[in-house]
Amino acid sequence: MTNKEIASHLREIAVYKEISGDNPFKVRAFDQAARAVESSADDGAVLAAEGALTRIKGVGRGIEEVILEFIGSGRSRELDALKSAYPPTLTDLLAIPGVGPKKVKVLWEKLGISTLGELEYACRENRLLALEGFGRKTQDNILKGLAFRKRYSEMHLYSEALAGAREAIGILERSGRFQLASIAGSLRRGKTYFKDVDVVLVPARGARVGDATAAVAALADRGEEGDGLIGAGDTKVSVRRGGLQMDFRIVPPESYPFSLQHFTGSKEHNVAMREEAQRRGLSVSEYGVTVVETGEVHTFRGEQELYAFLGYAFIPPELREDAGELEAARAEGLPALVELRDLRGEMHCHSTWSADGKATIEEMAVAAAARGYSFLCLTDHSHYLREGRLQAQWQEIEDVNARVTPFRVLRGIEANIRANGELDVADEDLSQLDWVVASLHTSFDRTPTERILAAIENPHVDCIGHLTGRRLSRRSGAEVDVERIVARAAETGTALEINAQPDRLDMRDVHARLAGEAGVRIPVTTDAHSVAALGYAEFGIGQARRAWLTREQVLNTRAWPKIARMLA
DNA sequence: GCCGTTTTCGGCCCGACTGTTTTCAGTCG
């Protein structure tokens with residue numbers, strides 16, 4: 001039983017208590033206990049065995065009992081009782097932005113709505129309008145949220161798809177039945193959203209085809225709802241595993257470079273490349289390159305040789321979108337793309353000073369140092385740093401710096417850009433900070449471009465956070481005039497970040513490329529609210545590479561003193 | 001339900017924003 005499982009159990013109790021209209025302070029107690037258990041350095045199961053669960057601040061007698069029962073039997077009477085009063089799907093409604101526990105309660109009690117489908121139906125029949133506290137606008141927004149969810153419910157984020165693919169490949173490699181295994185498709189190109197994952201496999205020498213396909217088919221046997229074998233032939237096996245569809249291509253070693261190239265795509269890239277090859281009398285397929293006139297077939301050891309034979313420098317997968325990469329590769333004009341190991345510091349992250357932060361300043365600093373970074377800009381939400389707390393935080397930063405030297409924590413903040421375009425932090429405070437990020441968090445449809453431009457004009461603002469505010473699984477972002485913002489950011493030296501949260505990846509690739517070409521400074525940041533989330537940097541670097549960015553163009557590939565001089 | 005303590009109850013984070021209201025409740029972060 002992991003702390004995470006215990007925490008999600010407590011959180012579920014909190015949700016149901018809230019829907020049932022229980023005392024809000026009890027609700028909060030369960031919520032806080034969940035958070036405390038989740039971020040506790042101690043193993044909850046061990047503490048339970050020692051009878052020492054109440055040592056976790058936020059866990060008292062009552063919640064201790066709930067946890068003990070849960071560890072013992074995998075359930076708790078408390079939650080069972082709460083759940084029995086409602087349909088099991090009721091909490092699905094909370095996924096719609098603008099719908100919280102109170103609205104769920106009303107929807108259920110007044111209209112008997114317990115599923116997303118019923119909710120949509122009721123909206124279409126204007127039945128929400130009759131409810132107290134609901135109106136036309138609320139109903140429209142719910143419909144919008146439902147449509148967004150429907151459109152993307154089958155999609156997976158970069159982080160999920162990558163983790164699923166790596167796990168599956170690990171199992172196949174350990175089976176000893178394959179000599180080569182590589183992620184291909186849009187995942188290899190570092191895209192944002194995925195319907196499925198493509199993997200190219202080469203069986204081990206001497207392995208029978210049937211053994212290879214059987215090993216892949218076995219991946220489907222994982223027991224999650226909807227998982228299973230979708231189809232299996234000699235060269236292609238499709239499975240659904242952990243909710244993720246994976247297509248495996250099993251190819252002989254001599255076809256591997258061509259198959260990897262072919263299945264990596266993009267389709268547009270391949271079409272353009274093949275058309276150009278055709279004009280030169282060559283035919284390219286996933287099996288090889290043929291000289292049309294003589295019928296001579298060329299094979300290669302890797303993609304590199306394939307591209308070289310066709311007259312191109314090697315094109316990194318992230319650039320294969322038919323967006324100018326073929327011409328550049330022919331003219332040796334491809335950029336040397338930034339790599340994960342180039343990063344020297346983190347420039348947007350949170351600590352426990354933000355209510356949603358899970359690690360202390362020192363824990364974040366130690367973890368960043370362990371990643372090989374030399375600095376970290378602490379950018380807690382301005383909201384939590386009022387009335388002297390900002391100064392108190394500076395004191396803690398100073399204390400931490402004394403302990404972690406030569407690593408350095410810089411004074412930063414994530415200020416909110418209000419609906420009226422003003423920042424929610426006084427200039428006097430901003431002027432004493434090393435690094436100021438300004439971000440939109442609300443009112444995305446209220447003149448977002450003008451508000452961001454206003455923030456850029458503030459001389460204390462160093463960077464705009466998550467440009468559009470999109471949440472890939474929840475909402476599309478603000479429609480901003482990227483060209484105007486990029487132009488002004490370049491003129492003023494204001495940075496525009498690539499926020500690496502798997503759910504954001506904001507700026508998106510085409511916008512980041514535009515910014516890079518305009519000479520805007522672009523930090524790749526994780527917006528980490530925990531130690532583990534510092535690892536999101538990998539996804540941000542993928543996005544930066546898709547934007548054609550070099551190490552030079554990514555701001556935090558430099559040590560802090562150099563960045564400080566650039567900001568001065 | 002938890003915490004703290006001036007030890008047995010009172011207080012529990014809060015500001016911004018939206019949409020519904022016409023002074024406020026719900027949601028979000």
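Convention: sequence-line order gives letters A, B, ...; per-chain numbering from 1.
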Check: residues 84-97 of chain A side-chain donor-acceptor pairs under 3.5 Å, at least two apart:
unit_1	atom_1	unit_2	atom_2	d
Ser84(A)	OG	Ala81(A)	O	2.8
Thr89(A)	OG1	Ser114(A)	O	2.6

Considering only distance and modelled atom types, tabulate donor-acceptor pairs under 3.5 Å from the side chains of residues 105-112 of chain A, sequence neighbours left out.
unit_1	atom_1	unit_2	atom_2	d
Lys105(A)	NZ	Glu109(A)	OE2	3.2

Pair up each side-chain donor or acceptor in residues 57-66 of chain A with any protein partner under 3.5 Å, not counting sequence neighbours, and list the distances.
unit_1	atom_1	unit_2	atom_2	d
Arg61(A)	NH1	Glu64(A)	OE1	3.0

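Glycosidic torsion of dT18(B) falls outside 90° of 0, placing the base in anti.
Phe25(A) is linked by a ring-ring contact (aromatic ring centres under 6.0 Å, His included) to nothing, counting only residues two or more places apart in sequence or in another chain. By the ring-ring contact (aromatic ring centres under 6.0 Å, His included) test, Phe407(A) is found to be paired with no residue, residues two or more places apart in sequence or in another chain being considered. His466(A) meets the ring-ring contact (aromatic ring centres under 6.0 Å, His included) test with His441(A); sequence neighbours excluded. Under the ring-ring contact (aromatic ring centres under 6.0 Å, His included) criterion, His460(A) pairs with no residue at all, not counting sequence neighbours.
Using a 4.0 Å heavy-atom distance criterion, Pro97(A) is classed as a sugar-phosphate-only contact.
Of the candidate nucleotides dG29(B), dG1(B), dT18(B), dG29(B) has the atom nearest to the side chain of His381(A). The side chain of Arg418(A) lies closest to dA16(B), out of dT27(B), dA16(B), dG29(B).
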Sub-3.5 Å pairs of nitrogen or oxygen atoms, protein against nucleotides 2-5 of chain B:
unit_1	atom_1	unit_2	atom_2	d
dC2(B)	OP1	Gly60(A)	N	2.7
dC2(B)	OP1	Gly60(A)	O	3.1
dC2(B)	OP1	Gly62(A)	N	3.4
dC2(B)	OP1	Ile63(A)	N	2.9
dC2(B)	OP2	Gly62(A)	N	3.2
dC3(B)	OP1	Gly58(A)	N	2.6

Using atom names, set out every protein N or O paired with an N or O of nucleotides 8-13 of chain B below 3.5 Å, distance rounded to 0.1 Å.
unit_1	atom_1	unit_2	atom_2	d
dC13(B)	OP1	Arg28(A)	NH1	2.1

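Among residue pairs with one or both ends in residues 120-149 of chain A, those qualifying as ring-ring contact (aromatic ring centres under 6.0 Å, His included) are Phe148(A)-Tyr152(A); sequence neighbours excluded. Pairs engaging residues 31-77 of chain A under the ring-ring contact (aromatic ring centres under 6.0 Å, His included) rule: His9(A)-Phe70(A) [sequence neighbours left out].
Less than 4.0 Å separates DNA chain B from no heavy atom of any residue of residues 66-78 of chain A.
Residues Gly133(A) and Arg471(A) each lie close to DNA chain B; by heavy-atom proximity, the contact nearer the 5' end of the strand is made by Gly133(A).
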